[in-house]
Number of protein chains: 2
Amino acid sequence: MKEKSNKNSRISLSEVARAAGVSKMTASRVLRGEGGYSEKTRDKVMEKVDQLGYLPNRLATVFAGDQSSTFVGVSIPDLGNEVFAQVLEGIDRKLGSFGRQTVLGLTQHTQQEEENWIRTVLSWQPAGLILTGRYHSPRATEMLRNAGIPIVEIWDLNSSPLDMSVGINHFDSGFDMGRYLMGCGYFNIGYVGTSHDTANAATTRLDGFCKAVEGGGGRVVKQLCLHDTATYYPGFYGTEQLLASGSGVECIFYQNDAMAFGGLQYCSAKGMQVPQDIGIAGWGDLPIASVIARRLTSMHVPHLKLGQAAAEMMIGRLSDEPVETCRDIGFRLIPGTTVRNNA
Amino acid sequence: MKEKSNKNSRISLSEVARAAGVSKMTASRVLRGEGGYSEKTRDKVMEKVDQLGYLPNRLATVFAGDQSSTFVGVSIPDLGNEVFAQVLEGIDRKLGSFGRQTVLGLTQHTQQEEENWIRTVLSWQPAGLILTGRYHSPRATEMLRNAGIPIVEIWDLNSSPLDMSVGINHFDSGFDMGRYLMGCGYFNIGYVGTSHDTANAATTRLDGFCKAVEGGGGRVVKQLCLHDTATYYPGFYGTEQLLASGSGVECIFYQNDAMAFGGLQYCSAKGMQVPQDIGIAGWGDLPIASVIARRLTSMHVPHLKLGQAAAEMMIGRLSDEPVETCRDIGFRLIPGTTVRNNA
DNA sequence: AAGCTTTAAGTTACCCGTAACGTAAATGCG
DNA sequence: CGCATTTACGTTACGGGTAACTTAAAGCTT
């Protein structure tokens, strides 16, 4: 009655063995190629494998407990942000080349989503987890500690990680950008970003940025768009609001390049010249930043390399190789031509 | 000796049951909330669950064969292409809201990679598969047919799908763009894209495009960059090569928006005015296309909606609801301002 | 209070592949 | 040729959870 079609129709090892006239164990040995059978037997078994279209059930293997799974859970805040898409691509390609599969989780930047996803994915006995960000809910942290599997926290470099960490120091990158803009002669500087109820890397960047600017005698005017994803449109409207507030900023630093493009577009729509009338600086250095007419001032982070490094650390740990638990992937300021040159 | 830490340390249901002084079965019933136990027993079990930090092992449940897994395999060519990143986001969000997890596979546009991934992911007993594209290797096709699970082929609408299909008619979208550009008064039109050894949606678009242009008395000059991903730089250099070839094209249609941005940049770097000196048309309508100074002529495809539709079809099929097997998600031509207006 | 029904458990078997162990036949060797 | 060793298998048990069945106790009815 009840259709369990796939379960019933799936060919099992026993069926292959029976068809080949050998025991389950012999068939298993042939499939794993670990020896202990004759050529004739091997051919017989392999013939039936092809004939019946047998596909092994990895669930059973892992479940038997003699092997760990080949899954790695990877949590990413969202893919609308090109940066994270590239990080994910770097991770998946590298994991894939080592025979591991990515189980994706989009956390939408919330700890609750992350916690739910962690609970679910742990129930699938993953070989390890790669998580974006260093801030997790208390329950999540507890589950992660108890999981007993390798964990790589990426993006936001964490000097005391749960297990391993790779990323950059966001505070420093914000600080460097602040110092650079001050060096360009700006003092009254705006910031346009999105607001988050929980701590995250963007907030840390802003902290570093403020420290540099305010420590250098400047002023930071913040414009945080509520409940918006950090893309073009909030960049556009955030800029409009900031400029309308009468704060008289001479330069705007954005949470990321996408928002900066939105800002550029607003300024150009209003007939403002960049950088003559206003300076614009982004963060993240999207590929397109080097392809628009004016090179966007930004902060370059090697996204793909970051993803690959995370996957390498995971693979290394899974192979019991010694791995560094904390890796700084670095960033590089791109001067660009969208802020005035102080030279 | 050998550390199998996670295996040994993971708390099992039996341990919870023993701690609570009940049988495994009773504990199982409590956890599934299916009744047949007293309140006192429930509290006792739940107390131990919290105390020991028990996490169920879904592998065992699925393996037992009484439930299908909550995994859905999703293959995507690459995430460097923003379009596919958004499709994936749409899929994962929707699947997640129904308690399903995405197992990712990046196929790098090759059938061999896809086949390998399919083999692996099927061994994990997924509930279903969502595949980008309609062209699979013969072995892959055979495995898919035998798998006995729901399969959604996305992106390239397939009127006779393996199981279900959702996407757009790429031939028609190419045709419509060809007719539009002819209508703008262009006759000598270039195409810049990447070359693929296997059939794919971009090739189908080009076929439709050629049919419209050549059928209307025009000419298409193709410039296919070998072995390159379809992003900004091949767009830039492909444009350079096409213009250097002396074909005298008046307008260029690109494989996608990213390549078109590369072309725009090349033209602007060479001092050519768009659309006065040359027309530029992209495909895909990236979010940034509406944020640059000139609105890029393009073809809009509802990416996020496409992903969500795919996930909905999958969920529907898994819930034994009747679902349409073939869904056209549609496209819309964006006239933009990067081709001359024939009005 | 006897008899019946309901509730709250426990027991057994099973899913699929593999480790560990057992065994019979083939081979090697002096 | 007889004994030790290797090869080529087969057999049993197991992992973690659940379906199906069984059993004991409690509740209800008249």
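What you are looking at is a predicted structure, and each value in this text was computed from that prediction instead of being measured. In what follows, chains carry the letters A, B, and so on, assigned in the order in which the sequence lines appear, proteins first and then strands, with residues in each chain numbered from 1.
- The interatomic distance linking Glu15(A) (CD) with dC16(C) (P) rounds to 8 Å, in whole Å.
- If you check dT18(C), dG17(D), dC16(C) against the side chain of Thr61(B), the one that comes closest is dG17(D).
- Note on ring orientation: taking the six-membered ring where Trp is involved, the planes of Trp124(A) and Phe71(B) are tilted (angle from 30° to 60°).
- Under the 3.5 Å distance criterion, with hydrogens and angles disregarded, a donor-acceptor pair is assigned to the side chains of Ser137(A) and Glu115(A).
- As rounded to whole Å, 14 Å separates atom C1' of dC14(C) from atom CG of Asn57(A).
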Derivation and outcome, side-chain hydrogen bond (donor to acceptor under 3.5 Å, both in side chains), residues Thr120(B) and Ser123(B): CA-CA 5 Å; Thr120(B) 304; Ser123(B) 75; 5.9 Å; no
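- Distance CZ (Arg18(A)) to P (dG10(D)): 14 Å, rounded to an integer number of Å.
- Between the side chains of Thr70(A) and Gln101(A), at least one donor N or O sits under 3.5 Å from an acceptor N or O.
- With its ring centre under 5.5 Å from that of the base six-membered ring and a plane angle below 30°, Phe63(A) counts as stacked on dG15(D).
- For the contact set between residues 21-46 of chain B and DNA chain D, defined by any heavy atom under 4.0 Å, the members are Lys24(B), Met25(B), Ser28(B), Arg32(B).
- Here the CG atom belonging to Leu88(B) is positioned 5.5 Å from the CG atom belonging to Leu104(A), to the nearest 0.5 angstrom.
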Trace of the side-chain hydrogen bond (donor to acceptor under 3.5 Å, both in side chains) decision for His136(B) with Glu114(B): CA-CA 8 Å; His136(B) 317 288; Glu114(B) 190 195 51; 2.9 Å; yes
Please list each protein N or O that sits under 3.5 Å from an N or O in nucleotides 22-24 of chain D, with the distance.
none

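- Relative orientation of the Phe63(A) and Phe63(B) rings is tilted, given thresholds of 30° and 60° on the angle between their planes.
- Taking atom CZ on Arg58(B) and atom P on dG17(D), their separation rounds to 11 Å, with Å as the unit.
- Between Tyr54(B) and dG16(D) there is no side-chain N or O to OP1 or OP2 distance below 4.0 Å.
- Within 6.0 Å of the CZ atom in Arg93(A), the count of heavy atoms belonging to other residues, nucleotides or ligands exceeds 12.
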